Structures are given as C-alpha cells and as structure tokens.
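Shown next, in structure tokens, is the structure this report addresses.
In this text, all values refer to a predicted model and were calculated from it rather than measured experimentally. We count ligands from 1, going down the list as the structure has it; atoms in each ligand are counted the same way. What's counted below: heavy atoms across the whole structure, side chains too, no hydrogens, waters or symmetry copies. We're numbering straight along the sequence, starting at 1.
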Amino acid sequence: MQKKGSVSITGVSRYLPEQRLTNADLEKMVDTSDEWIQTRTGIRERRILDKDLGTSYMAAQALESLLEQKGMNAKDIDLIIVATITPDMMYPATACLVQDSVGAQNAWGFDLSAACCGFLYALVVGSQFVETGAHKRVAVIGADKMSAVVDYTDRETCVLFGDGAGAVLLEPAEDGAGIRDFIFHIDGSGGKHLCQPGGGSLHPASHETVDKKMHYIYQEGREVFRFAVPSLAGVSARLLERNGLTGEDIALFVPHQANKRIIDASVNRLKLSTDRVLINIDRYANTTSGTIPIGLSEAVEQGRIKPGDNILLASVGGGYTWGSILLKWAY
Ligand code: UT7
C-alpha cells in the first residue's frame with residue numbers, strides 16, 4: 001500500500017530508569033555468565049524500574065520530556081496511544097493514566113497490545129488520525145516494564161529484558177516527508193512460543209496460575225529465533241524493494257532490539273553498512289514496545305538523522321507479529 005506521506009514524526013524522547021542490572025549482577029542470581037549473555041545476545045546491562053512504579057510512570061516521563069522539548073502544552077495533544085504488554089493494570093488503559101498524569105485534558109486515548117511490534121503498529125494507527133485530518137497532534141508511546149513479568153530464576157529469559165519507554169509526536173507533514181509505507185503481519189499460530197499465559201480471561205489469577213509461574217514470560221527462544229531472523233530481514237527487504245530502494249538509500253535502520261545476532265542477520269541481508277544501524281541492546285536489552293522509540297530518540301540526539309533521510313524501522317516478536325515502516329525524516 002502506497003502512502004501519501006502526509007504525517008511525520010516531529011519530536012521524539014525517551015525515559016530509562018536509573019537502576020542498572022548488569023550481567024555480573026545476573027551471574028549472582030542464576031547460572032549464567034557475562035560471556036554467554038554477550039556472545040549470544042549482545043546485552044551487557046539493562047535498566048530496572050522501581051518496584052513501586054508502573055509502566056504509566058515511564059510513559060508519562062517520556063511524554064513530558066517530549067512536551068518540554070517541543071515547548072508544547074499537554075492540553076494541545078489530541079490523542080495518546082500507548083503500546084504496551086505490561087499495563088499498570090488490566091484497566092483502565094495505561095493511556096488514561098498517562099493522560100491524567102501529564103494533564104492532557106483535551107486528549108482521548110487507548111492502549112495497543114502487539115508485543116514487540118506494539119510501537120510500530122501504534123505509529124501507523126496514530127498516523128491515520130492525522131492523515132484524515134481528525135487530529136493535529138498525536139502522541140505515540142512505546143513503554144514496557146518487563147521486570148514485572150520476568151522470572152528472575154529462569155536464566156533463559158531473565159537475561160534478555162529491561163524496562164524503558166519512548167514517545168513520539170505525530171503532526172501533519174511538510175510535502176515529501178513522513179511515513180511513506182509499511183508492511184505488517186501477524187501469525188497467531190506462533191503465539192504459543194512466546195506468551196504470558198496467566199492473568200487474562202482464560203487463566204485468571206489463582207493459586208494454581210501463580211504456582212505454575214503462568215504470570216511470567218514463557219519463551220521457546222530457539223523457536224522464536226528461527227522465526228525472527230528471516231521474518232525481520234524479509235519484511236524489511238520487501239518494503240525497500242516495493243519502494244524502489246536498496247540498503248544504500250537508508251540513512252538509518254532502527255530495528256527492534258531482541259538479540260544482536262537477529263539484527264546482524266538482517267543487516268547482512270539488507271546489505272547495510274553497520275554505521276547505519278542503531279544498536280543499543282548492549283545498554284538496555286529488550287524493552288519490548290520501548291526499543292524503537294528509544295533508539296530513534298538516541299539517534300536524533302546523536303545527530304545520526306537529518307531532514308529528508310530515509311529511515312527504516314522493523315520489528316518481530318510475540319504473536320507472532322512482524323513488520324517494517326519506511327519514513328522520510330522531517331526535522
Ligand atoms: O522480542 C521478542 C522476540 N524474542 C526474540 O527475538 C528472542 C529470540 N531468541 C533468542 O534471542 C535466542 O534464542 C536466545 C538468546 C533466547 C537463546 O540463544 P540460543 O543461541 O538460541 O541458545 P539456546 O536456547 O539454543 O541454548 C543454548 C544453551 C542451552 O544449553 P544446552 O541445552 O545446549 O546445554 C541453554 O540451556 O545455552 C543455555 N542457556 C544459557 N546458558 C547460560 C540458555 N540461557 C542461558 C543463560 N546463560 N542465560
């Protein structure tokens with residue numbers, strides 16, 4: 001589907017908790033090693049949010065710093081979409097808590113749950129409201145407190161995840177800039193390989209669900225890895241191809257940060273030079289919905305993106321969900 005490109009990201013910010021959990025810390029908690037974690041995943045450390053705070057806190061912090069950066073009042077926001085799989089609670093939606101926290105009195109909002117693709121899906125959903133002219137300023141936030149759903153006795157998952165949030169502002173675009181195209185997929189047959197089975201309507205919280213550890217992330221890592229590598233690379237390659245572009249036309253590739261080896265495989269397939277790839281998994285691990293807006297925010301701060309640049313975003317994860325977005329950067 002060709003898009004006109006009438007909506008752009010016009011600001012981006014992030015929030016990472018102060019507290020660091022290093023590989024050395026994890027060596028004391030489970031049977032693992034810094035060497036295993038770094039060579040198999042690329043992760044050195046991750047950030048952990050205070051126990052007493054929820055995902056909405058990080059989302060609100062990211063949004064507040066975005067408003068400050070833009071010199072904007074919270075009342076100017078029309079819509080808040082929060083991509084998350086770790087909402088503060090089943091309901092109200094995290095978007096409602098964020099709206100109240102930042103004082104966005106004129107906004108409505110909702111949460112979007114698509115695991116690692118949550119932010120990408122939310123970006124395209126949010127962009128529709130600007131494209132149709134219904135709204136002028138849409139905040140799209142990706143935020144997850146993965147430490148709330150990680151079993152810190154399971155070495156196969158606890159080394160992989162961290163907490164964090166990123167927020168972008170969507171506004172009508174100047175000619176030629178903006179979201180140019182996207183390809184999204186889901187395949188529910190893969191859902192069983194990466195899930196959090198307890199706490200929903202099928203398995204509501206009970207002594208049994210707690211005893212069986214059903215409120216934690218369950219992941220068959222090898223299975224997910226096998227799916228992730230061709231999916232991430234394939235969807236990105238198809239998106240470039242149908243827009244008549246090659247890896248050389250991309251100024252920056254901002255992939256989901258689940259495993260450095262998955263990113264490297266995609267980079268090889270897309271024939272991208274490594275200096276055009278955003279990698280921060282070493283410092284933050286996998287923050288699920290947070291990885292891509294956090295990465296974009298760092299890239300802008302480091303001057304790695306200029307107006308007119310082609311930017312490629314891509315993700316794959318639980319669902320299965322996978323997809324890629326092509327942007328022409330606006331500012
Ligand atoms: O964002 C959501 C999407 N998720 C992903 O994209 C994750 C995809 N999967 C992965 O990134 C990788 O599969 C993992 C990082 C999870 C695992 O890496 P792997 O190279 O696939 O390792 P493996 O699962 O094949 O395990 C190899 C060995 C096993 O031992 P044996 O059976 O060979 O004796 C594991 O028990 O490594 C062992 N192992 C560990 N050893 C030390 C697994 N976790 C650890 C650990 N420390 N933390």
Side-chain angles (χ1 to χ4, degrees), residues 21-46 83-86 113-121 142-147 149-164 166 185-197 216-236 254-267 269 278-282 284-295 313-324:
L21 181 68
T22 64
N23 291 350
D25 296 329
L26 284 163
E27 283 176 350
K28 294 178 202 135
M29 295 159 67
V30 288
D31 179 16
T32 191
S33 66
D34 176 46
E35 200 264 335
W36 190 97
I37 301 171
Q38 287 213 43
T39 53
R40 298 289 180 123
T41 71
I43 301 165
R44 285 190 290 117
E45 61 180 36
R46 60 293 288 138
T84 187
I85 52 163
T86 52
S113 164
C116 305
C117 281
F119 177 78
L120 294 190
Y121 291 6
D144 271 303
K145 182 187 177 187
M146 298 308 290
S147 62
V149 293
V150 162
D151 176 1
Y152 285 100
T153 65
D154 174 15
R155 71 174 185 175
E156 298 198 7
T157 52
C158 75
V159 302
L160 303 174
F161 296 95
D163 303 336
H185 298 286
I186 60 171
D187 177 2
S189 70
K192 55 186 177 289
H193 303 303
L194 174 50
C195 56
Q196 186 187 317
Y216 291 129
I217 295 168
Y218 170 81
Q219 176 170 254
E220 292 158 26
R222 218 173 298 185
E223 186 69 37
V224 177
F225 188 91
R226 261 202 300 269
F227 179 81
V229 169
S231 304
L232 192 77
V235 74
S236 305
V254 184
H256 176 52
Q257 311 279 313
N259 188 320
K260 172 94 170 19
R261 290 185 292 144
I262 298 175
I263 298 172
D264 289 345
S266 298
V267 167
R269 161 101 189 257
L278 192 289
I279 293 184
N280 58 18
I281 189 171
D282 52 326
Y284 307 135
N286 182 352
T287 55
T288 304
S289 308
T291 58
I292 290 175
I294 291 170
L313 315 177
S315 189
V316 57
Y320 291 127
T321 55
W322 69 110
S324 186

> Under a 4.5 Å cut-off applied to non-hydrogen side-chain atoms, are Trp36 and Asn23 in contact?
Replying inline: no

> Name the residues in contact with ligand 1, where contact means a heavy atom under 4.0 Å away: which are they?
Replying inline: Asp31, Thr32, Trp36, Arg40, Thr41, Cys116, Arg155, Glu156, Val159, Leu160, Leu194, Gln219, Gly221, Arg222, Val224, Phe225, His256, Ala258, Asn259, Arg261, Ile262, Asn286

>> Going by side-chain hydrogen bond (donor to acceptor under 3.5 Å, both in side chains), name the residues that satisfy it together with Arg269, two or more places apart in sequence or in a different chain.
In response: none

>> Could you check whether any side-chain N or O of Arg46 sits under 3.5 Å from a backbone N or O of Leu21, counting only pairs where one atom can act as donor and the other as acceptor?
In response: yes

> Looking at residues at least two apart in the chain, or sitting in another chain, which of them share a salt bridge (charged side-chain N to carboxylate O under 4.0 Å, His left out) with Glu220?
Replying inline: none

> Got a sec, which residues hit ring-ring contact (aromatic ring centres under 6.0 Å, His included) with Tyr218, two or more places apart in sequence or on another chain?
Replying inline: none

> Which of parallel (below 30°), tilted (30 to 60°) and perpendicular (above 60°) describes Phe227 and Trp322?
Replying inline: perpendicular

